[in-house]
Amino acid sequence: MFKTVVAREYNYQDVYLRPRHTVVNSRKECDTSVTLGQHKFIMPVYPSNMKSVVNVDTCEFLARRGWFYTMHRFNVEQIEFVSYMQENGLVASISIGVNDDTIAQLKQLQVAGLTPEFMTLDIANAWCPKAERMIKYVKDHFESFLIVGNIAGSDAARDVHAWGADAIKAGIAGGKVCITKNKTGFHRPMVSTILDCASYTREAGVPLIADGGIVEHGDIAKAFACGANLVMAGSLFAGYDQSAGNIIEVTIDGQASPRAFKEYYGSASQYNKGEYKNVEGKKILIDYRGNIERLLNELKEDLQSSISYVGGTKVDDLIHAEIISIS
């Protein structure tokens, strides 16, 4: 039978959430905390593990404030990083790849007697043999809570969980600096991705992390309404004093004085790889935004408002929101 085009799929901008009766007297009563593994964090949102978004200082800043984070995996001295975080009473959360160099790095951690509280297996499409091999290696040698990503459907979620993942990260080609859909033709909108993955993870009791595609703060609530347990975002956290990267000044044609920016680039870009090979990411300039404290406060306030609009008191209540598609 000849293939036909599937029914329309949806992104965050294609849907809204219908308000319900509010039960709290103030949005401040709404609880935004989330538990992941054996640890509780004050918010279920965190920055992408990208070199242009987080560095050691970013991770320490967030960890000291009770936010979850994941350090990127590019040219990181993992023994030094894990030791530093744990010696300061902070959670150590690192990223790993799927190749032999990752095995060597993990063996070094073992020799040093170090076990990060969290590991994130970071690969463009985790529904593959290399990911399966690495998941099994980690689970055989560490007690770390293992997040595995990325995937884009319930069938992939089922397999990755069966291989040993403790949590699953979903989203392919949804980020602002990802050009996978342009280079390969493959992509899936985030609302449809989360709904499909959550049809498995909610029943299996596996935390689901929605990665990418966040344009507005309200998109975070939409992700939870679709079934996500946490949200990862890149450009949302880029450009701040506490974000990775240096401030650069650029003179725009027609402007009397230069504007301040920070570079933001994808992990699969030539700027991260150091060469133009298998490139599926690009670089853009993000306006310099100052101190990130204002963003963190605003994200919490907005999420509390979202919880109040669904008639709830905690993040998990957003799963009861009615999702309305825009014609």
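Computed from heavy atoms alone, side chains included, the values below leave out hydrogens, waters and symmetry copies. Along the sequence shown, residues are numbered consecutively beginning with 1.
Looking at heavy atoms from C-beta onward, Leu296 lies in side-chain contact with Leu62 at the 4.5 angstrom threshold. Between Asn99 and Lys130, the closest side-chain pair of non-hydrogen atoms falls below 4.5 Å. Using a 4.5 Å cut-off on side-chain heavy atoms (C-beta onward), Glu9 and Arg188 make contact. Between Pro44 and Asn229 there is no side-chain heavy-atom pair separated by less than 4.5 Å. Between His217 and Leu236, the closest side-chain pair of non-hydrogen atoms falls below 4.5 Å. At least one side-chain heavy atom of Phe261 sits under 4.5 Å from a side-chain heavy atom of Asp287.
A side-chain donor-acceptor contact under 3.5 Å links Ser48 to the backbone of Gly234.
Using a cut-off of 4.0 Å between Lys/Arg side-chain N and Asp/Glu carboxylate O, Arg65 and Glu293 are scored as salt-bridged. Checked for salt-bridge contact, Arg158 and Asp155 miss the test: no charged N lies under 4.0 Å from a carboxylate O.
Applying the ring pair (Phe, Tyr, Trp, His ring centres under 6.0 Å) test between His39 and each of Phe68, Phe118, Phe145 identifies Phe118 as the sole match. When the options Leu106, Ile135, Ile147 are evaluated for a side-chain contact (heavy atoms from CB on, under 4.5 Å) with Met119, the one that passes is Leu106.
Side-chain contact check for Thr58 and Asn55: at least one donor-acceptor pair (N or O, by modelled atom type) lies under 3.5 Å. Of the N and O atoms on the side chains of Gln242 and Asp57, not one donor lies less than 3.5 Å from an acceptor on the other residue. In this structure, a donor-acceptor pair under 3.5 Å is absent between the side chains of Thr120 and Asp122. Using modelled atom types and a 3.5 Å distance limit, the side chains of Asp241 and Tyr288 yield a donor-acceptor pair.
Counting heavy atoms of neighbouring residues, nucleotides and ligands inside a 6.0 Å radius, atom CD of Glu80 does not exceed 12 of them.
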